[in-house]
Amino acid sequence: MARVVSQTKSAAVNPLKSSQPLGAAFAFLGVDGAIPLLHGSQGCTSFALALLVRHFNEAIPLQTTAMNEAAIIVGGADRLEEAILSLKARTRPRLIGICTTASVEARDEDVAGDVENIKRKRAIELVGTEVVLANTPDFDGAIEEGWSKAVTAVIEAIARPDKQYRNPRKIAILPGWNLTVADIEHLRETAVSFGLDPVILPDVSGALDGSIPEEWMPTTYGGTKLEEIRDLGATMQCIAIGEHMRRPAEALQRLTGVPYVLFRSLTGLENVDRFIRVLAAVSCKQTPLNVRRNRMQLQDTMLDGHFHMAGKKIAIASEPDQLFQFSDFFTAMGAEIAAAVTTTGTSKALEMVPAKTVKVGDLSDLESLAATADLIVTHSHGREAARRLGVPLMRVGFPMFDRFGSQHKLTILYRGTRDVIFDFANIIQANHPPNPWPT
Amino acid sequence: MARVVSQTKSAAVNPLKSSQPLGAAFAFLGVDGAIPLLHGSQGCTSFALALLVRHFNEAIPLQTTAMNEAAIIVGGADRLEEAILSLKARTRPRLIGICTTASVEARDEDVAGDVENIKRKRAIELVGTEVVLANTPDFDGAIEEGWSKAVTAVIEAIARPDKQYRNPRKIAILPGWNLTVADIEHLRETAVSFGLDPVILPDVSGALDGSIPEEWMPTTYGGTKLEEIRDLGATMQCIAIGEHMRRPAEALQRLTGVPYVLFRSLTGLENVDRFIRVLAAVSCKQTPLNVRRNRMQLQDTMLDGHFHMAGKKIAIASEPDQLFQFSDFFTAMGAEIAAAVTTTGTSKALEMVPAKTVKVGDLSDLESLAATADLIVTHSHGREAARRLGVPLMRVGFPMFDRFGSQHKLTILYRGTRDVIFDFANIIQANHPPNPWPT
Amino acid sequence: MSLKYDNDSDFHAKLIADVLSQYPGKAAKRRSKHLSLATSEKDAGEDPNAISECEVKSNIKSVPGVMTIRGCAYAGSKGVVWGPIKDMIHISHGPVGCGQYSWSQRRNYYVGLTGIDTFVTMQFTSDFQEKDIVFGGDKKLEKVIDEIAELFPLSNGISLQSECPIGLIGDDIEAVARKKAKEHTTTVVPVRCEGFRGVSQSLGHHIANDAIRDWVFDKKDLEFEPGPYDVNVIGDYNIGGDAWASRILLEEIGLRVVGNWSGDATLAEVERAPRATLNLIHCYRSMNYISRHMEEKYAIPWMEYNFFGPFQIEASLRNIAKHFGPEIEDRTETVIAKYRPFVSAVVDKYWPRLSGKRVMLYIGGLRPRHVITAYEDLGMEIVGTGYEFGHGDDYQRTGHYVKEGTLIYDDVTSYELEKFIEGIRPDLVGSGIKEKYPVQKMGIPFRQMHSWDYSGPYHGYDGFSIFARDMDMAINNPVWGLYDAPWKNDRASAGGSSMRT
Amino acid sequence: MSLKYDNDSDFHAKLIADVLSQYPGKAAKRRSKHLSLATSEKDAGEDPNAISECEVKSNIKSVPGVMTIRGCAYAGSKGVVWGPIKDMIHISHGPVGCGQYSWSQRRNYYVGLTGIDTFVTMQFTSDFQEKDIVFGGDKKLEKVIDEIAELFPLSNGISLQSECPIGLIGDDIEAVARKKAKEHTTTVVPVRCEGFRGVSQSLGHHIANDAIRDWVFDKKDLEFEPGPYDVNVIGDYNIGGDAWASRILLEEIGLRVVGNWSGDATLAEVERAPRATLNLIHCYRSMNYISRHMEEKYAIPWMEYNFFGPFQIEASLRNIAKHFGPEIEDRTETVIAKYRPFVSAVVDKYWPRLSGKRVMLYIGGLRPRHVITAYEDLGMEIVGTGYEFGHGDDYQRTGHYVKEGTLIYDDVTSYELEKFIEGIRPDLVGSGIKEKYPVQKMGIPFRQMHSWDYSGPYHGYDGFSIFARDMDMAINNPVWGLYDAPWKNDRASAGGSSMRT
């Protein structure tokens, strides 16, 4: 039961967090035919776009209302309308996902009102395109909140809000932002192997998996289809992954009555066992052989790997749910969380982190706590602290711009847990060679 | 077209190769219910066993005739017989795979004659157990030859030697030793996705994949079943992977008339394309969607990765087919093979290696050629040379005792090629950070 | 060497027409002003003020919903001008977004102990929370400055890089700057580079230049002994070590580089700049303002130069030397002669692999024109070029470089760029990270020409050989000979193909 | 501290009976002599020559088709005794197999420049090919020695470690050794450790000891000034730094360690050993031969000691000090007193986590007995132990250490060991790499007690704290609390389970 320690410095030195609109945009990228539209100056979008491109090594559709000095004075409603109409005309998106930024939120603009006006006024031009708003000022929350708000907004705006026939094979899965493309693919395969038909929202495994579409697409290609979102109420069960997915899961339940079960993490034997039990119960099927085999392989890897993980001191910094996901697993393998730093202090996941304290802070906080750690676990920006301290770095989360294939790494279920052990143990082996003396 | 340069030193300093019986034993481990039996002093087996255990992180069934001083004088036939009978009685193996070692071969013992005698004399006791011999003196060849001889011996001893009804869905796949457990699994899945029913010999994906059998097994569990080997003549087509699998493929063709096609490598887009074309032709099926998607992902990864591979100078040392497999692929990505060292000079694969010369030699030869390389590619024993030279090491081949999960790495077909690019590019990125100045 | 080749004006004109035809009337008209062809050719490297016929509308505001590649004023100030000054701490003042997104996007090399006396690759923000927006952030800013002064005692100053909200909530960062500068006896520079100002990063450059003028120049007694051959290098950000490669040449011809703005720079180098005898401008776009100011106020002349490729290097070295007279001119000829064999070796090696290859560029700053002759030095041809945030004077200057019929595009959208590339199918595209993946997926080799794609330097003679190698590696990589998919024959019946072309 | 606990003799006897019942009659009889129970307990650390009732048949040849864990004579000579001598090059003479399989299996730490003046982690072989077998290998051996002399001029000698074929083909390696030693003025030691000799690595130790006697001792004029407190440490191979941890203690009590056989040793240390005043034997099994020889020929007494765990460390230090008289004894008491608080801290920390945990051992050399009290120092109980290649005198010595009813097994097969472990289900098994995975898969914590599993040192006080930490890490790792599979309920209907138990 960790104590959450709030920020002590006023300055953020080497900040850990990315801001909210990026998280929301990221979520919108997991809907088919979508364009995230950042409502703010062009610079925000340009920077966020560059970072997303560096993270995914992919072309990313991201748009801007390009608020300028004049618009800042008179308000952004016209720019927003112009942007929506222009996007609609040129790219015929199925979804425009608006993410507000600090510049409009600082003026306390009624963007929701603006959006409603535009939708009313332009109802005919906008037929076939959903316009969804996530209020995501940069000065609040971080990626998790942005992602969570965007998914909630999508559900509230699109899912049909009534009780309906429930297809006993259909389930809804609401994954947190911290799952990779490979994780999403593996989730789907696993659910399908139980005979289930999962709707995964958001589903970044289509557009961001590195495949090459046949025709140039100005929007996302792949991702959750709007019809699937509309029919979410027809699912038997919703599975939310990560504490930050409680909000959209509750929204879905409120709207449609679909019950949800929440998994804080799908990494680690016990968590996966629980998940598999749920799939078995929902599907009334036995666990398929390949899942069983994966579990055996994981057990074996745990036996092999516990040795390299036992007693290792970890300094970890990430968004709350990812922090929990990895801390929980590492300690289950005998490691010790020597330092835990996170982005925002409000998540309920934080108190479950197996560390004495979780500090809301930045990478300089991590650096000051990590000098005697055996391993630093955080995103790519942790590399400088790691190099200065001479402690190896295991890269997780966002951004990851200096390694390839991060989206193709599995981190969940039996196989992903196995791969995390391989990664961990190999970093340890690479940095603690058997003969430490000069040879 | 590489020129093969033979060994110049008499001494081997930090030798590259492991000796032949280990390769043969390794192949026998890919047959279900098998026990490899090393015919020689206990020490050979004990050492080989320890190395195999370190490589696989698994319990390995490996037996010895425990030749002692007396047996060395009078000949090993009695020890061999005692070993076979003892194994048969205690463990009821389906296959005992004998691998000779230097100590019996140096005496020029007629082990084949001994085996025939034992089989005749003990025919009743040995019902249900095949006894197969591979002559694999340590003073000749290396892993490739041992593996190839064992597979050939298994086919010649067990496959029914007559023309028979050919099942149009059945194919035989004879993988070289250099394919991992993950490779074998992926080969099978891919063939199955074309509606084919592949017999893979040897199949190390069962026993050596890190799963945990329910009951204690004194033999291999998983692997190619004896019945499948017996019925190899019922396959439509044999696919051999690696030049060293030509011998067993030819043996199969000679015995049963099953035609073979040989792939020197299944790594790299063009090689995989050719393989997929063969599967499509044999199966008369269209290429499944997931294979197509994998190809798109590979293309994308090639685009992303060529940048980090282009112009890189590689020093590589391995057995001939693996040497070809990786050299061929690296140069297809724009890298340059600055130094190539191999274990034995007889393979036809060597002249196809895209390097000026291929040196038959040891790791000290590699070390002397690799000082200006950007990357060293060889097995775990290359780590010391790599450290001395300050050149990063990409581990491939055998033995791999200081990294986990090597058996779960994919190296072939579209996905494996993709993963090899990730590995390569990430090692380069880790060792050539964007800002090389002190920071 | 001045490479002779023609660009297909008619075809390029048709491409522009095709692209515009997809826009609604008003937008087409608006965008038509940004797309053009070079209509006549002049010799490069002579009169830098000659008017060219290469003209497009530029430096005009962006259109909502039409994402271009531009940044904002904050990007121009923090990212370009101020960020590289290594012994200062540059606070991204406002919410966490901007600074975090842009962290480590540029590769300004430097020497120093990061976190001790040097701070370039670190990132500082006042990390505004809602209460700071509601109640104002000046108090927080003061605390942030105090903390930094305590945590990093060897830092030599602080700049305050304003993000959008600062301009909206009425904070008085200038007052904070004055107060804290006095308290900590250090330099504190407030920069009003809120992202909504101007139409691109370009105004940010201007604002950042003005901040140097108003908050750095003439504020201290300098202990600095000027000499007759002192020059400032202005607008070289030392991407991949560029400034170091340039400095070597300038020192070889006998000059003393007393300030390098602002790659690997210290605050002291900026402060003493007004004592130099000549300003050598590399990136005209981002630093012409302060150069003009120094010319007016301190009577320091300025001249542009171009160290990309041997043709321009020689011309620029001679041009610079002329300013200092015969002695330096003699040394310059010696230096040029010394490097000739090296240049020949590079050209001989790569010309057969690169000549005739056609290149499209879309970059920022000075590069859309300056790198052109470096390509031509290798026999390559420029078929199109454009600026992210150029002004009229940039396009004028471009006229010297490009051949007739060259496609010119200003603030191009990804749609337009993609259509041009599809139409022309050049052998290489040089642009930024945001363009990299779409272009590569079209099967066309690509180099990042902002960051040199983790390579560099490209300046000077050493840089030229690296440049040549990199272009060769990109264009001639065997990966571009990708096979068609083996199931191409059954393509009609199921999705998937090899490359979209 | 002498821990009191009982082992369940009846249960252990039944286990042995069960195991034997699976063998055919003859084999059961043969194996029954290797399996036993300790029948009475004596206090440890007193008279090292007391006869114990712990007796099993041992050092008997292996059975074909019944793989045990033993190595061969080559393993005993090259792997154990000679290999760690760091400034010599040890040629695995014969085909490539043996040396390559065993490369880097032991963790003999050393200091030195590998490849320059130190060669421990390198691997040298004459790499026999068929023609060498057919025509004899002496010529090749000569060439190999010449090459090595040229490639590694700072090596101080060569040993020839014979592999099986050497003994079969009639090579005269002794003649080659003499000839080449003279030619290169260096030490060349032929060792006839062919793998087929003897029944385990044990004979290899003996042969290696004899080679030192015959080919190293008394061959050179030594420049060495002996002192009154000079001791050799014999049979400490410096696994994970063990010898260094031991040396610290011996020096603290006032002795001078002039030779360390053979971890981190130079040839010179071996050569000068006959000048010391006392031989301290750590690994009795592998080095008693040469110690007895030195006793006979040079009148150097020898004594065993045990530096595993504080109980034995104190006893051993006092025993050693007694040999040197009151001054050293006083210093020894000071040293013991100095470390007491450290020991208490370790014990206080780990006792609550480890006491009562039951341990089974199966190792080589001296460890099956020597480590027992280190476990007991932490409150742990030894329920079974055995030697890979022990002799009668090893088992006699074991009697001092074990409690009544302790299961004793000699040269155990994997089948037997597995059955014992299944029956007893101890909290920890300490054995080698070959046993590690089967034991772990039974759900039982495991430590490699040959190599310390990449940890160490375990000798001395420092080593004790590492030992305690490692055992705690193994036993108390949460991974052992593995859940049953979630599909356990439907187990009957489909394969797969969590762990076999």
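In what follows, chains carry the letters A, B, and so on, assigned in the order in which the sequence lines appear, proteins first and then strands, with residues in each chain numbered from 1. These numbers come from a predicted model, not from an experiment.
- Residue C:Tyr101 comes nearest to A:Pro21 through the heavy atom pair OH-CG, 4.0 Å, listed as atom of the first residue, atom of the second, then distance.
- Legend: residues meeting side chain to side chain contact (heavy atoms under 4.5 Å, CB included) with C:Cys98, ordered by chain and number and at least two apart, are C:Tyr74, C:Glu163.
- Only the backbone of A:Leu62 comes within less than 4.5 Å of a heavy atom in chain C; its side chain stays farther off.
- Side chain of A:Ser46 to main chain of C:Arg70: a donor-acceptor pair is present (N/O by atom type, distance under 3.5 Å, no hydrogens or angles).
- Without hydrogens or angle criteria, C:Gln100 side chain to A:Ser19 main chain gives no donor-acceptor distance under 3.5 Å.
- For a heavy-atom cut-off of 4.5 Å, chain A lies close to C:Arg197, C:Gly198 in residues 197-206 of chain C.
- For A:Ala106 against C:Leu168, the heavy-atom pair with the smallest separation is CB-CD1, 4.0 Å.
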Would C:Thr121 and A:Glu384 count as a side chain to side chain donor-acceptor pair (under 3.5 Å) here? Give the steps. CA-CA 8 Å; C:Thr121 53; A:Glu384 300 218 13; 2.9 Å; yes
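- Partners of C:Arg192 according to the side-chain hydrogen bond (donor to acceptor under 3.5 Å, both in side chains) rule, which considers only residues two or more places apart in sequence or in another chain, are C:Glu174, C:Glu194.
- Residues C:Met67 and A:Thr45 share a closest heavy-atom pair of SD-CG2, 3.6 Å.
- With hydrogens and angles disregarded, a donor-acceptor distance shorter than 3.5 Å links the side chain of A:Asn14 to the backbone of C:Gln123.
- For the pair A:Arg90 and C:Tyr23, the minimum side-chain heavy-atom distance is below 4.5 Å.
- Not counting sequence neighbours, the partners of A:Phe398 by the ring pair (Phe, Tyr, Trp, His ring centres under 6.0 Å) test are A:His55.
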